[in-house]
**Q** 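Below are the structure tokens for one structure; questions will follow.
Here is how names work: the chains are called A, B, and so on, in the same order as the sequence lines, proteins then strands, and each is numbered from 1. Predicted model, so just to flag it, every value in this text is computed and none were measured.
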Amino acid sequence: AQSVTQLGSHVSVSEGALVLLRCNYSSSVPPYLFWYVQYPNQGLQLLLKYTTGATLVKGINGFEAEFKKSETSFHLTKPSAHMSDAAEYFCAVSDRNQGGKLIFGQGTELSVKP
Amino acid sequence: GAVVSQHPSWVICKSGTSVKIECRSLDFQATTMFWYRQFPKQSLMLMATSNEGSKATYEQGVEKDKFLINHASLTLSTLTVTSAHPEDSSFYICSATKTTGTYYSYNEQFFGPGTRLTVL
């Protein structure tokens, strides 16, 4: 069975500082990996995804993530945080054999201090 | 393209009544739709997967007789919460994919804005 663990339910950074949100996954087959962002009372927006190919994936709003198979990790980073980045972030994994079904991590709330 | 809408965006109902939530793909045909449930400050939990024209596949622990899912067309899926109780209060989110994913290709899920259900 697949699972996703996000380390840290709440991360706080200063504006302009590096953002690092951690995600580790468990999967018996090569996974598809995703990061989504959710603003209050809204649906999810895809930030980036890894399916195949280059392990460093660039997404929207300056975010990127690196798939590290040996560490079973897919951490999300952004060099410089903006106030508008404050939101809930979810890492998710999809089993290639399950037709796109997503398993989400617990979520990490990002706060950005001025 | 790839816009998913949900209606209503919020609903308040009395305990014991049924509530229907619609999920529509506005500019594409959705072969597969997913329904999620999210409690406050928690993650999304997949409730069921529905494919157009066939019965929904429910996740373990989800009562299929309580959460009725109908995917009657390629642009519409509905979730009906029957005999709702306060513990059913939650944020319900749907997503849709353009085609069915395979081992070699992933089809992105496009998420609706969610429906907040409050049962009094």
**Q** In terms of hydrophobic clusters joined by side-chain contacts under 4.5 Å, are A:V93 and A:F67 together?
**A**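 The answer is yes; both residues are in one hydrophobic cluster.
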
**Q** Counting only heavy atoms from other residues, nucleotides and ligands, does the tally under 6.0 Å from NZ of B:K66 exceed 12?
**A**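 More than 12 heavy atoms, drawn from other residues, nucleotides or ligands, come within 6.0 Å of this atom.
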
**Q** Does one hydrophobic cluster hold both A:L47 and A:Y39, with members joined at side-chain heavy-atom distances below 4.5 Å?
**A** yes

**Q** So what's closer than 4.5 Å to chain B heavy atoms on A:Q6: side chain, backbone, both or neither?
**A** neither

**Q** Hey, any chance A:I103 and B:M47 share a hydrophobic cluster, counting ILVMFWY side chains that come within less than 4.5 Å of each other, even indirectly?
**A**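 Not linked; separate clusters.
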
**Q** Same cluster or not: are B:F34 and B:Y92 linked, directly or through other Ile, Leu, Val, Met, Phe, Trp or Tyr residues, by side-chain heavy atoms under 4.5 angstrom apart?
**A**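 No; tracing contacts between hydrophobic side chains, which count when under 4.5 Å, never links both residues.
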
**Q** Look up atom NZ in B:K41 and atom OG in A:S9, then write down how far apart they are to the nearest 0.5 Å.
**A** 10.0 Å

**Q** Before you tell me yes or no, could you show the steps for B:E108 and A:K49 under side-chain contact (heavy atoms from CB on, under 4.5 Å), namely the whole-Å CA-CA distance, both residues' side-chain angles and the distance that decides it to 0.1 Å?
**A** CA-CA 9 Å; B:E108 181 178 344; A:K49 65 178 183 286; 4.1 Å; yes

**Q** Has B:S43 got a side-chain atom pairing as donor or acceptor with A:G105's backbone, closer than 3.5 angstrom?
**A** yes

**Q** Indicate if A:L56 and A:Y32 have the same hydrophobic cluster label, given that clusters are the connected sets of ILVMFWY residues with side-chain heavy-atom separations under 4.5 angstrom.
**A**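 No; A:Y32 is not reachable from A:L56 via cluster members.
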
**Q** Quick test of your reading of the model: are A:K101 and B:E59 salt-bridged, counting only N-O distances below 4.0 Å?
**A**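 Salt bridge present between A:K101 and B:E59.
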
**Q** Work out which heavy atom in A:F90 is nearest to a heavy atom in B:Q38; give both atom names and the distance.
**A**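 For A:F90 and B:Q38, the tightest heavy-atom pair comes out as CZ-NE2, 3.5 Å.
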
**Q** Quick check on B:I93 against chain A: is it the side chain, the backbone, both or neither that has a heavy atom closer than 4.5 Å?
**A** side chain

**Q** Please classify the contact between B:Q6 and chain A as side chain, backbone, both or neither, with a heavy-atom cut-off of under 4.5 Å.
**A** neither

**Q** As an exercise, state the distance from CZ of B:F91 to CD of A:Q38, rounded to the nearest 0.5 Å.
**A** 6.0 Å

**Q** Using a 6.0 Å cut-off, check whether atom NE2 of B:H7 has over 12 heavy atoms from anything other than its own residue.
**A** no

**Q** How many angstroms lie between CG in B:L46 and CG in A:L102, if you round to the nearest 0.5 Å?
**A** 8.0 Å

